[in-house]
Chemist: 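Quick one: this structure, given as structure tokens, is what I'll be asking you about.
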Amino acid sequence: MLPGFLARAVELLRGKEGRSLHLKAAGGATLVLLVVMLLGSWAVVEAEQHARRANLTSYPKGLWWSIETATTVGYGDFYPVTLWGRIVGAVVMVVGITTYGMVTAALATWFVGREQRRRHRLAHGARELGDEAARAVHERFDRLERILAAKGSAPGQDG
């Protein structure tokens with residue numbers, strides 16, 4: 001089931017031509033983070049299971065540790081004691097921090113883009129309103145000029 005899910009997720013990320021680059025990057029980084037957390041859980045348990053004072057001795061504990069490590073929560077309830085376990089921990093940390101930074105940047109870019117589009121629509125509307133008002137003023141001046149010209153050329157008027 002999981003490989004099918006991952007294949008569909010990759011297709012969703014790759015299949016959208018119109019999707020912006022920052023969303024593609026954040027989605028890809030999130031997928032990489034998920035894989036790193038799953039593999040990191042397994043790798044840290046493999047590295048730690050026979051070590052003295054090891055507390056990461058089962059996959060559920062390893063998964064919980066990788067989640068709290070990737071999110072930088074780090075409760076301290078589980079931690080690696082071997083060199084290889086710490087190396088896996090460093091990888092999970094770097095990928096987690098990078099992913100959350102990319103997701104945050106993607107959200108910020110989305111909010112800024114929405115605001116820019118809103119302001120652009122408002123400015124365009126104001127320009128159209130200004131153009132309409134200028135046309136109305138020109139029409140009134142033209143009408144006044146026609147009225148004045150008609151009065152000036154009326155018979156019996158001596159200018």
Side-chain angles (χ1 to χ4, degrees), residues 1-140:
M1 165 123 187
L2 190 59
F5 168 77
L6 289 176
R8 281 193 302 273
V10 168
E11 280 304 311
L12 280 173
L13 289 171
R14 294 182 62 221
K16 301 285 184 180
E17 289 296 325
R19 186 172 285 162
S20 60
L21 179 61
H22 64 276
L23 287 178
K24 286 180 184 178
T30 301
L31 187 62
V32 168
L33 175 62
L34 179 65
V35 170
V36 166
M37 286 191 315
L38 292 172
L39 291 176
S41 303
W42 169 80
V44 79
V45 170
E46 286 297 312
E48 299 281 311
Q49 73 184 49
H50 298 298
R52 205 173 105 247
R53 299 184 335 255
N55 56 25
L56 291 167
T57 55
S58 69
Y59 188 75
K61 289 178 182 179
L63 185 58
W64 176 249
W65 166 83
S66 72
I67 292 169
E68 65 182 18
T69 300
T71 58
T72 69
V73 171
Y75 291 121
D77 51 353
F78 298 110
Y79 51 90
V81 295
T82 65
L83 173 64
W84 286 110
R86 290 178 180 169
I87 290 171
V88 170
V91 170
V92 171
M93 282 182 228
V94 168
V95 172
I97 292 166
T98 302
T99 299
Y100 292 117
M102 290 177 77
V103 169
T104 302
L107 281 171
T109 302
W110 180 74
F111 280 119
V112 168
R114 275 188 65 187
E115 181 63 17
Q116 285 177 337
R117 285 188 298 277
R118 185 186 73 82
R119 287 183 181 191
H120 178 72
R121 282 192 308 271
L122 286 175
H124 183 69
R127 266 193 311 277
E128 285 182 352
L129 188 60
D131 291 346
E132 188 178 314
R135 275 192 300 274
V137 168
H138 282 291
E139 286 175 11
R140 283 188 172 180

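Source: prediction; values computed, not measured.
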Chemist: State, yes or no, whether a side-chain contact exists between Val45 and Lys61 at a heavy-atom distance under 4.5 Å.
Modeler: no

Chemist: Which atom names give the shortest non-hydrogen contact between Gly85 and Ala47, and what distance separates them?
Modeler: N-CB, 3.8 Å

Chemist: Ignoring hydrogens, what is the shortest heavy-atom contact between Val81 and Ala51? Give both atom names and the distance.
Modeler: CG2-CB, 4.0 Å

Chemist: Please find the pair of heavy atoms, one from Gly40 and one from Val88, that lie closest to each other, and give the distance.
Modeler: O-CG1, 3.6 Å

Chemist: Within the distance-only criterion (no hydrogens, no angle test), does the side chain of Thr99 pair as donor or acceptor with the backbone N or O of Ala29 below 3.5 angstrom?
Modeler: yes

Chemist: Who passes side chain to side chain contact (heavy atoms under 4.5 Å, CB included) against Val91, sequence neighbours left out?
Modeler: Val36, Val95

Chemist: Going through the distances and angles, do Glu128 and Glu132 end up as a side chain to side chain contact (heavy atoms under 4.5 Å, CB included)?
Modeler: CA-CA 6 Å; Glu128 285 182 352; Glu132 188 178 314; over 6 Å; no

Chemist: For the pair Phe78 and Val44, evaluate side chain to side chain contact (heavy atoms under 4.5 Å, CB included) and give the outcome as yes or no after the intermediate values.
Modeler: CA-CA 11 Å; Phe78 298 110; Val44 79; over 6 Å; no

Chemist: Would you compute the distance between atom CG of Asn55 and atom CG of Asp77 and round it to the nearest 0.5 angstrom?
Modeler: 8.0 Å

Chemist: Mind checking what makes side-chain hydrogen bond (donor to acceptor under 3.5 Å, both in side chains) contact with Asp131, not counting sequence neighbours?
Modeler: none

Chemist: By side-chain hydrogen bond (donor to acceptor under 3.5 Å, both in side chains), which residues pair with Thr82, not counting sequence neighbours?
Modeler: Glu48

Chemist: Under the side-chain hydrogen bond (donor to acceptor under 3.5 Å, both in side chains) rule, collect the residues that match up with Thr69, sequence neighbours excluded.
Modeler: Trp65

Chemist: Does atom CD of Glu115 have more than 12 heavy-atom neighbours from other groups under 6.0 Å away?
Modeler: yes

Chemist: Which donor-acceptor pairs under 3.5 Å do side chains of residues 101-112 form with protein atoms, sequence neighbours excluded?
Modeler:
from	atom 1	to	atom 2	distance (Å)
Thr104	OG1	Tyr100	O	2.7
Thr109	OG1	Ala105	O	2.8

Chemist: Between His120 and Gln116, do the side chains contain an N or O donor and an N or O acceptor separated by less than 3.5 Å?
Modeler: no

Chemist: Ser66 and Val92: which non-hydrogen atoms are nearest, and at how many Å?
Modeler: O-CG1, 3.6 Å

Chemist: Applying side-chain hydrogen bond (donor to acceptor under 3.5 Å, both in side chains), name anything that partners Arg140, two or more places apart in sequence or on another chain.
Modeler: none

Chemist: Can you tell me how far apart OG1 (Thr71) and CE (Met93) are? Round to the nearest 0.5 Å.
Modeler: 11.0 Å

Chemist: Once you round to the nearest 0.5 Å, how far does OG of Ser41 lie from CG of Leu56?
Modeler: 9.0 Å

